[in-house]
Amino acid sequence: MEPEKIKPITLMGANASGKTEIALELARKLGGEILSADSKQTYKYLEAGTAKPAGVWADTAAGRAYLVENVPYHLVDNLDPRSTYDAGTFVKEAKKVMAEIEGRGNAAIMAGGTGMYIQAFWNGMDDLPPANPEIRQELAALAEVGGKEALHAQLAAMDPAAAVKIPPGNIQRVMRAIEITRLAGRPVSQIWSGRFYNALPAHEGKFVFLKWQRDLLAERVKRRTVTRFEEWAAETRNLLAKGYPEDCPGLKTLGYPQMLDYLAGRLSKPEAIHAITGASMAYAKRQNTWFGRYRNALLITLEKYEDYDPAAIAAKIINA
RNA sequence: GCCGCGGUAGCUCAGUGGUAGAGCACUGGUCUGAAAAACCAGGUGUCGUUGGUUCGAUCCCAACCCGCGGCA
């Protein structure tokens with residue numbers, strides 16, 4: 001008799017909400033492997049700054065893997081900080097890893113805070129042309145001269161419907177809309193299916209949203225920032241010494257700009273900690289807004305510290 | 001004790017004789033290959049306290065309280 005196949009579990013939540021610990025607990029209980037949905041932990045050398053779980057690369061029966069407490073932890077620690085990464089690439093790699101995990105008969109546990117990656121993986125993306133560096137460079141140069149308004153005006157000329165949906169200040173999305181329209185040869189607003197943001201496919205797996213009471217999360221974020229600050233500073237200093245530019249993709253991420261300010265003497269240590277904590281909380285708010293849209297996810301609210309019991313939460317998820 | 005400066009949003013502060021504003025914080029939201037990104041919306045208030053002048057005081061006057069600096 002074949003054992004019942006365990007459907008993938010997807011664990012979502014803001015940074016510092018304890019996803020990793022619960023994912024490890026689930027992996028131990030189910031004999032599972034973890035698949036990280038985190039846009040920054042994919043980078044090598046970014047450890048303290050991304051709260052990447054400590055692990056080691058080792059040869060296993062299934063090939064080389066990053067092991068955290070002996071649990072395979074996929075899609076982390078494998079990209080140079082100078083490289084870019086994106087949702088499309090993530091989906092492609094994650095599908096492959098997911099298939100391999102299932103092929104081994106193991107439970108897959110996706111854990112992460114990058115809502116867009118989770119969204120793209122489970123709900124898919126419309127068939128849009130991938131990023132084009134030449135066009136982006138050209139558009140960035142145009143924005144340099146004419147400002148964000150000039151770019152938005154260009155979008156309005158080629159696709160009024162898209163221009164209405166995207167505010168001029170949001171230069172990244174304006175550029176992307178122009179890019180798609182040019183590459184596809186027709187207005188992006190006609191290509192968008194408009195059905196991208198809905199619920200998650202609950203029949204394909206379990207979806208869990210860990211939501212902390214704000215002040216408690218702020219306390220956790222602050223404590224984590226203070227605790228790892230020196231290690232983070234050393235790691236960042238080391239990267240600069242190796243020749244990584246301050247504006248490389250890996251370093252253009254939450255907290256690193258403030259850390260670079262600190263290393264350059266533009267911020268004192270308390271100021272840097274305050275700025276990093278503030279940025280992390282602003283990010284947590286966005287994450288909670290994103291995940292809150294999934295009404296069919298299992299919502300686990302944490303209102304007091306005692307509510308955070310990884311083993312109990314893991315059991316609750318398994319029994320849900 | 002005296003002199004000076006200050007007391008306005010959670011914080012730092014601007015401002016006006018017609019009940020007030022910015023930045024940050026906070027709250028809600030957007031999101032289709034940069035997403036730890038890039039944005040949109042919302043002002044949340046006993047203007048230190050009590051009196052006085054005035055049609056009207058957060059603003060002018062007095063006293064008091066508190067903080068900072070100086071002189072004793």
Side-chain angles (χ1 to χ4, degrees), chain A residues 13-17 19 36-43 46 48-52 79 81-94 112-133 135-137 139-140 143 148 151-152 162 164-177 179-181 183-184 188-198 214-215 217-218 221 224-225 232 247-259 271 274-294:
Chain A
N15 61 108
S17 58
K19 297 182 292 293
S36 164
D38 187 303
S39 68
K40 298 303 168 185
Q41 289 180 8
T42 54
Y43 287 110
L46 310 184
T50 63
K52 186 190 295 169
L79 189 68
R82 273 180 284 242
S83 310
T84 57
Y85 197 67
D86 59 61
T89 311
F90 170 79
V91 171
K92 210 183 308 167
E93 293 184 353
T114 305
M116 186 178 176
Y117 288 9
I118 291 170
Q119 170 74 17
F121 182 88
W122 289 107
N123 285 340
M125 291 191 288
D126 289 332
D127 188 18
L128 303 172
N132 180 295
I135 291 181
R136 289 192 180 190
Q137 208 161 9
L139 294 178
K148 295 175 174 180
L151 272 193
H152 195 257
V164 168
K165 292 184 96 164
I166 305 174
N170 197 334
I171 191 164
Q172 291 196 5
R173 291 183 56 215
V174 170
M175 282 174 63
R176 175 63 180 152
E179 176 183 59
I180 293 170
T181 300
L183 291 172
V188 64
S189 61
Q190 289 176 21
I191 308 174
W192 285 328
S193 65
R195 286 178 296 147
F196 192 69
Y197 291 94
N198 288 312
R214 195 197 158 278
D215 292 342
L217 188 68
V221 165
R224 187 171 81 172
T225 306
W232 189 352
D247 63 348
C248 69
L251 292 179
K252 281 164 77 174
T253 185
L254 191 112
Y256 281 93
Q258 290 81 4
M259 182 53 78
E271 283 168 343
H274 186 254
I276 290 169
T277 306
S280 299
M281 288 309 292
Y283 175 51
K285 184 177 171 313
R286 274 177 271 136
Q287 289 176 300
N288 283 333
T289 298
W290 184 294
F291 297 129
R293 78 191 320 125
Y294 301 134

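So you know, we letter chains A, B, ... as the sequences are listed, proteins then strands, and number each from 1. In this text the structure is predicted, and so the values were computed from the model without any measurement.
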Open item on the list: Less than 4.0 angstrom between a side-chain N/O of R173(A) and OP1 or OP2 of rC40(B), yes or no?
Closed with: no
Mind checking if K285(A) touches a base, just sugar-phosphate, or nothing, with heavy atoms under 4.0 Å?
base
In Watson-Crick or G-U wobble terms, with both distances under 3.5 Å, the base opposite rA35(B) is none
Once you apply a heavy-atom cut-off of 4.0 Å, does L128(A) come out as touching a base, just sugar-phosphate, or nothing? base
Exercise. Just call it for K148(A): base, sugar-phosphate, or nothing, with non-hydrogen atoms closer than 4.0 Å on any strand.
Key: sugar-phosphate
message: Taking any heavy-atom pair under 4.0 Å as a contact, classify Y117(A): base, sugar-phosphate, or nothing.
response: sugar-phosphate
- Message: Considering every strand and a 4.0 Å limit on heavy-atom distances, what is the contact class for D38(A): base, sugar-phosphate, or nothing?
- Response: base
Exercise for the section: Would you mind classifying the nucleic acid contact of R176(A) as base, sugar-phosphate or nothing, using non-hydrogen atoms under 4.0 angstrom? Expected result: base
Under 4.0 Å, heavy atoms only, any strand: does G113(A) hit a base, just the sugar-phosphate, or nothing?
sugar-phosphate
For S280(A), answer base if it contacts any base atom (sugar-phosphate contacts may also be present), sugar-phosphate if it contacts only those atoms, and nothing otherwise; contact means non-hydrogen atoms under 4.0 Å.
nothing
query: What interatomic distance, in whole Å, is found between C1' of rC59(B) and the corresponding atom of rG52(B)?
result: 15 Å
| task | Report which part of the nucleic acid G194(A) touches: base, sugar-phosphate, or nothing (heavy-atom distance under 4.0 Å, all strands). | result | base
(message) Heavy atoms only, 4.0 Å cut-off, all strands: where does N15(A) land among base, sugar-phosphate and nothing?
(response) nothing
Using 30° and 60° as the class limits, which term best fits the ring planes of W232(A) and Y256(A): parallel, tilted or perpendicular?
-> perpendicular
- [ ] Mind checking Q258(A) for me? I need base, sugar-phosphate or nothing, with any heavy atom below 4.0 Å counting as a touch.
- [x] nothing
Using Watson-Crick geometry (N1-N3 plus N6-O4 or O6-N4) or G-U wobble (N1-O2, O6-N3), each under 3.5 Å, rG42(B) is paired with rC26(B)
Review point. What is the nucleic acid contact for F90(A), judged by heavy atoms within less than 4.0 Å: base, sugar-phosphate only, or nothing?
Key: nothing
The Watson-Crick or G-U wobble partner of rC68(B), with both key distances under 3.5 Å, is rG4(B)
Scanning all shown strands, the Watson-Crick or wobble mate of rU50(B) with both distances under 3.5 Å is rA62(B)
(message) Taking any heavy-atom pair under 4.0 Å as a contact, classify T84(A): base, sugar-phosphate, or nothing.
(response) nothing
Using Watson-Crick geometry (N1-N3 plus N6-O4 or O6-N4) or G-U wobble (N1-O2, O6-N3), each under 3.5 Å, rU16(B) is paired with none
- Message: For a 4.5 angstrom cut-off between non-hydrogen side-chain atoms, does R176(A) reach L128(A)?
- Response: yes
Given the 90°-from-0 boundary between syn and anti, rG33(B) should be labelled syn
